[in-house]
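The structure appears below as structure tokens.
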Amino acid sequence: MRELARKKGIEVPIEEFLELDRTWRELLTEVEQCRAKLNTVSRQVGELMRSGDRPAADRMRAQASGLKQSIETIEESLRKKDEALRELELQFPNLPHDSVPEGDTEDRNQIVTEWGEKPTLAREPRPHWDIATELQLVDFARGAKVTGSGFLVFTGFGARLQRALINFMLDFQTKQNGYTEVYPPYVVNRKSLVGTGQLPKFQDDLYWLERDNLFLIPTAEVPVTNLHQDEILDGDDLPIRYAAFSGCFRREAGAAGSDTRGLLRVHQFDKVELVKFVRPETSYNELETLREDAESVLRALGLHYRVTLMCTGEMGFSNAKQYDLEVWAPGVEKYLEVSSVSNFTDFQARRANIRYRPGHGERPDFVHTLNASGVALPRLMAALLETYAQRDGSVAVPDALQPYMGCNVIPRP
RNA sequence: GGAGAGAUGGCUGAGUGGUCGAAAGCGCUCCCCUGCUAAGGGAGUAAGUGCCCAAAAGGCGCUUCCCGGGUUCGAAUCCCGGUCUCUCCGCCA
């Protein structure tokens, strides 16, 4: 386990944890024995009172008081140990699966598949911010004025394209891929963020509403996964599959200057998120079908993309295995990450206490959780605009989107 | 934001200091009877968790009647704080 965590570049305090856990168990046994005794003594007091033997009852009472004292002492140290244990536990990352390549740099990531080809463009490549500005789809300047940099105003066909993509993707995931639609809150409490693993490590990346001690969600993963927090699910109901549209809010602390132009890195964006709760033994298969579901959106839109298997050092703290879906944006000549497809195994389930009952009368066990973007909007939109830019400056609308756009071209104004 | 009511097992719902993990009914499971899309009779039926056991079965405990504190030898029951739900008023997209 230590070695596996190290692959992710994280040192884990495992000896300390095991030792603490051992003493915690000892104390628990001890306190429970005391409680058992106290319970019997209390019962005896009741009996003696009823039989009218006051003196004997008083003697028992004194004994019970003593027991109570020692129980309180043990409970106190038990509580401290438990707290320390929990704190240590939160520092443990999820462990990488065997199939994950080892490494801590980008070049250790493996490209698993590519779909389609880089398109031959009707005209010279143009970055989407030029196209979007010219067609009056996005007002960057006013977004910055109203809120600040990294906040966008979609206008006209841009706003409509946004809405079309949302509806298209939701319909696609619910009707074709069988997900249940969910519309979650955009604001969550601390417990939920701890549950999915954003806290305590990544607090700086979140918008915090100090007055109410709540946070804006960085992804719908947080509210949707925590839907089943502290629940025991019926094994027969698994897998549970949700598709959720939501806004996402990310401070992107420390990301200034890199890929921040246009739609590439913004503080607020929309996304359709896919979340699954599955039986543990199925999770790696479910990961593949989840990836397929996320990919299918890009294919339906006719966009060239590739799938990357992230190496141990590059994937998230909570992940056991992670694919990234990157769509080709010919204008900026880059692959843009539009989806991260992850198996969290039991990592989130432990933190959020999400369990299932494998069979009738059996003991509950932790589920495995997975999620994928299906997919994030701004970068998708960037790829669309750059891919479907026409010679005359307009942008063609892919077939799948036409019913939602109500037109087959985004015209010049 | 103000006022009031409530929160009990899969469900309905009793329970105001000890034998209550909790009546009764419904539901569910098994059995009997009946031979038929009915009815009746009987038994069982909350969960979580620690330890023992190779494991299962099982056993010994602990915890749990919204949550957290308190009073008490002992709390579903009394006290304090909170959360949520419902009703009424106010405000509001």
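Proteins come first, then strands; the chains are lettered A, B, ... in the order of their sequence lines, and each starts at number 1.
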Polar atoms only, N or O, under 3.5 Å: list the protein pairs with nucleotides 79-82 of chain B and their distances.
none

Can you tell me the distance, in whole Å, between the [atom1] atom of [X] and the [atom2] atom of [N]?
| X | N | atom1 | atom2 | value |
| --- | --- | --- | --- | --- |
| A:Arg363 | B:A55 | CZ | C1' | 13 Å |
| A:Asn353 | B:A47 | CG | P | 17 Å |
| A:Gln69 | B:C73 | CD | C1' | 13 Å |

task: Using distance alone, with no hydrogens and no angle criterion, decide if A:Lys321 and A:Ser342 have a side-chain donor and acceptor under 3.5 Å apart.
output: no

message: Any donor-acceptor pair under 3.5 Å linking the side-chain atoms of A:Tyr305 with those of A:Glu295?
response: yes

task: Assign A:Leu67 to base, sugar-phosphate, or nothing according to its heavy-atom contacts below 4.0 angstrom with the strands shown.
output: nothing

task: For A:Val45, report the nucleic acid contact type (base, sugar-phosphate, nothing); a contact means any heavy atom under 4.0 Å.
output: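 Contact class for A:Val45: base.
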
- request: Give a yes/no answer on whether the side chain of A:Arg357 brings an N or O atom under 4.0 Å of OP1 or OP2 in B:G48.
  value: yes

message: Applying side chain to side chain contact (heavy atoms under 4.5 Å, CB included), can you list everything that pairs with A:Gln402, at least two apart in sequence or on another chain?
response: A:Val397, A:Asp399, A:Asn408

task: Encode nucleotides 62-72 of chain B as B, S and - characters from 5' to 3', where the letter depends on protein heavy atoms closer than 4.0 Å: B to the base, S only to sugar-phosphate, - to neither.
output: SS--------B

message: Less than 4.5 Å apart, side chain to side chain, heavy atoms only: is that true for A:Leu384 and A:Leu401?
response: yes

- prompt: Of A:Asp346, A:Val367, A:Ile232, A:Asp230, which meets side chain to side chain contact (heavy atoms under 4.5 Å, CB included) against A:Ile354?
  reply: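 Checked A:Asp346, A:Val367, A:Ile232, A:Asp230 against A:Ile354; only one passes side chain to side chain contact (heavy atoms under 4.5 Å, CB included): A:Val367.
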
- request: Taking only heavy atoms on the protein side, list every residue of residues 182-197 of chain A lying under 4.0 Å from any atom of RNA chain B, sorted numerically.
  value: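 Those residues: none at all.
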
Near-strand residues of residues 16-29 of chain A, defined as heavy-atom separation under 4.0 angstrom from RNA chain B: A:Arg25, A:Leu28, A:Thr29

task: Quick one: the dot-bracket string of RNA chain B, using Watson-Crick and G-U wobble pairs with both distances under 3.5 Å, [ ] for crossing pairs and | for bases paired to another strand.
output: ((((((((.[[[..)..(.....]]]((((((.......))))))(((((((.....))))))).[[[[[..)....]]]]])))))))....

query: Mapping A:Pro364 and A:Val41 to their closest nucleotides on RNA chain B, which lands nearer the 5' end?
result: A:Pro364

- prompt: According to the interplanar angle, ranging from 0 to 90°, do the rings of A:Tyr242 and A:His228 count as parallel (below 30°), tilted (30 to 60°) or perpendicular (above 60°)?
  reply: parallel

